[in-house]
Structures are given as C-alpha cells and as structure tokens.
Amino acid sequence: MARWRLPLYLIAGILSAYFVAAYVILPQIDERKERRHPDLRDAERLTHTHTGLPGDPLNIALVGSEEDVVRALLTAGWRPADPLSFRSSVRIAVDTVIDKPDPDAPVSNLYLYGRREDLAYEKPIGHSPRERHHVRFWKTDKLDEGRVVWIGSAAFDIGVELSRTTGEVTHHIAPDVDAERDLLIADLTKSGRVEKLRWVNGFHQELQGRNGGGDPWRTNGRMAVAMLSPAKH
C-alpha cells in the first residue's frame with residue numbers, strides 16, 4: 001500500500017495546482033487585462049452628419065497623447081486636412097474640376113459624442129483631390145494602459161458629387177472600409193510608430209450600411225487598436 005502513496009500524492013498535487021491555476025490565478029490575470037484594456041465594443045459604432053444621419057463607420061483606434069497621434073500620422077506620410085469653410089469648399093470643387101493637386105484639402109465634418117472630429121488627416125493620390133485616403137479621430141474618455149484612446153473612421157474618397165441625401169457637395173467613399181483601416185495600420189507600422197497592435201473582433205454587428213451621402217459600406221466587423229510609441233521631445 002505504501003508504494004502507491006507517492007503516485008497518489010503526485011496526482012493530488014497536480015489536481016490541486018490545476019484548480020488553483022484555473023479558478024484562482026488565471027481569472028485574476030484576465031480581470032487585470034480587462035481593466036488594462038477597455039472593452040471598445042461598448043463604444044459607438046457609427047459617426048453622424050450634422051443633421052443626425054448615419055455617417056461613416058468607426059474602424060480604428062490609436063492609443064497615446066495627441067502629440068503621439070499627430071507625430072505618428074505625420075511620420076507615416078499622412079497630412080492634416082484644412083478646416084472646412086466656404087472658401088476651402090469652393091477651392092476643393094475648383095481643384096477637382098481642373099485636376100489641381102490639393103494635399104491639404106478639407107474633409108466634411110462628421111460627429112461623435114456630440115462634436116465634430118478632433119483630428120482629420122489625409123493621404124493624397126495623384127493630382128486631384130477627387131481621390132484620397134482620409135481618417136477622422138475623436139478623443140475618448142477611455143484609457144488603455146493609462147493612455148488616452150482616440151477612435152477613428154478611415155475611408156477612401158472616390159469622387160466629388162452631390163450627396164444623395166442632402167444635395168450638398170461632398171466626397172463619396174469606396175465601400176471597402178476595411179481596406180483603409182488596414183492601409184493606415186500598415187503605414188503606421190512601417191513608420192515604426194506602433195508599439196503593439198490588437199484587434200477587437202465583433203466590434204460591428206451590422207456588417208454593411210450606408211452613410212449620410214448614400215454611399216454603401218461593408219466591413220468584417222473588426223476594430224484595429226494600435227498602441228503608439230510616445231513622441232520624443
């Protein structure tokens with residue numbers, strides 16, 4: 001009988017260690033992770049126009065200070081868009097007609113949390129503001145590892161036309177908003193400004209829709225979250 005005691009003690013010890021790890025240690029680790037990373041799935045999903053119509057879908061988040069975000073976008077080759085005004089709207093219309101480059105052309109305002117975007121950046125294509133990559137960001141009240149979360153909407157402009165819903169002059173976006181999300185993440189990663197990248201699966205439950213201009217969009221529902229390198233002074 002004595003010779004069986006050691007194996008029994010080993011089995012009992014292994015089972016005890018398993019239960020402690022599975023039901024005590026790992027749940028505490030997961031809980032700390034949840035506190036460290038906010039659950040962005042409880043955030044807004046869509047932007048809105050000034051009249052309250054659905055805007056472009058949110059699909060990317062950057063983590064860091066405003067200086068971190070601005071430095072990362074500039075390093076990645078994205079430029080700040082000029083503020084929207086009557087003068088800048090006329091300029092972009094004229095530049096579109098005559099195919100004149102306008103790398104700082106304004107983007108129309110979209111709204112989240114009751115305010116328009118805090119930052120707007122773009123990446124021009126060719127010689128006309130008709131086509132361009134662009135992204136809008138809003139500062140949130142969420143923290144990720146103690147740093148501010150900026151949530152954004154990246155899309156690709158494919159032309160300037162009259163809005164199908166408001167009649168205003170506006171850009172129309174390409175349907176595949178995931179491609180723009182992935183392009184911006186790739187640019188930021190290549191620039192060396194991304195410390196960590198994670199994905200929020202199932203951020204969007206509705207995988208397709210239309211924005212305020214009547215443009216269709218589609219997504220796989222994932223939100224990219226990039227932790228940025230702190231800007232060095």
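- Checked against ring pair (Phe, Tyr, Trp, His ring centres under 6.0 Å), H48 has no partners two or more places apart in sequence or in another chain.
- What you find for D56 and N211 is that their closest heavy atoms are OD1-ND2, 2.9 Å.
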Which pairs of donor and acceptor atoms, one on a side chain in residues 184-194, lie under 3.5 Å apart (sequence neighbours left out)?
residue	atom	partner	partner atom	Å
D187	OD2	W78	NE1	3.0
D187	OD2	K123	NZ	3.0
T189	OG1	I185	O	2.7
S191	OG	L188	O	2.7

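- Between the side chains of H134 and D157, at least one donor N or O sits under 3.5 Å from an acceptor N or O.
- Partners of E195 under the side-chain contact (heavy atoms from CB on, under 4.5 Å) rule, at least two apart in sequence or in another chain, are R147, M227, S229, P230.
- L62 approaches F137 most closely through the heavy-atom pair CD1-CZ, 3.5 Å.
- Side chains of T219 and D178: a donor-acceptor N/O pair is present below 3.5 angstrom, by distance only.
- Annotation: side-chain hydrogen bond (donor to acceptor under 3.5 Å, both in side chains) contacts of D182 (sequence neighbours excluded): none.
- Residues satisfying the side-chain hydrogen bond (donor to acceptor under 3.5 Å, both in side chains) test with K139, not counting sequence neighbours, are none.
- Annotation: cation-pi pair R79/Y121 absent, no NZ/CZ under 6.0 Å from the ring centroid and within 45° of its normal.
- Here the straight-line distance linking atom CD1 of I60 with atom OG of S153 works out to 10.0 Å at 0.5 Å rounding.
- Legend: residues meeting side-chain hydrogen bond (donor to acceptor under 3.5 Å, both in side chains) with R218, ordered by chain and number and at least two apart, are absent.
- Counting all heavy atoms, side chain and backbone alike, W217 lies closest to E206 at CH2-O, 3.8 Å.
- Counting only N and O atoms by type, the side chains of R136 and S108 include a donor and acceptor under 3.5 Å apart.
- Side-chain atoms of W150 come within 3.5 Å of backbone atoms of G64 as a donor-acceptor pair (strictly under, hydrogens ignored).
- Listed by chain and number, the residues in a side-chain hydrogen bond (donor to acceptor under 3.5 Å, both in side chains) with D176 amount to none (sequence neighbours excluded).
- Residues passing the ring pair (Phe, Tyr, Trp, His ring centres under 6.0 Å) test with F156 are H133, sequence neighbours excluded.
- Considering only residues two or more places apart in sequence or on other chains, A154 meets the side-chain contact (heavy atoms from CB on, under 4.5 Å) condition with N59, V135, E180.
- Considering every non-hydrogen atom in both P57 and L46, the closest pair reads CA-CD2, 3.6 Å.
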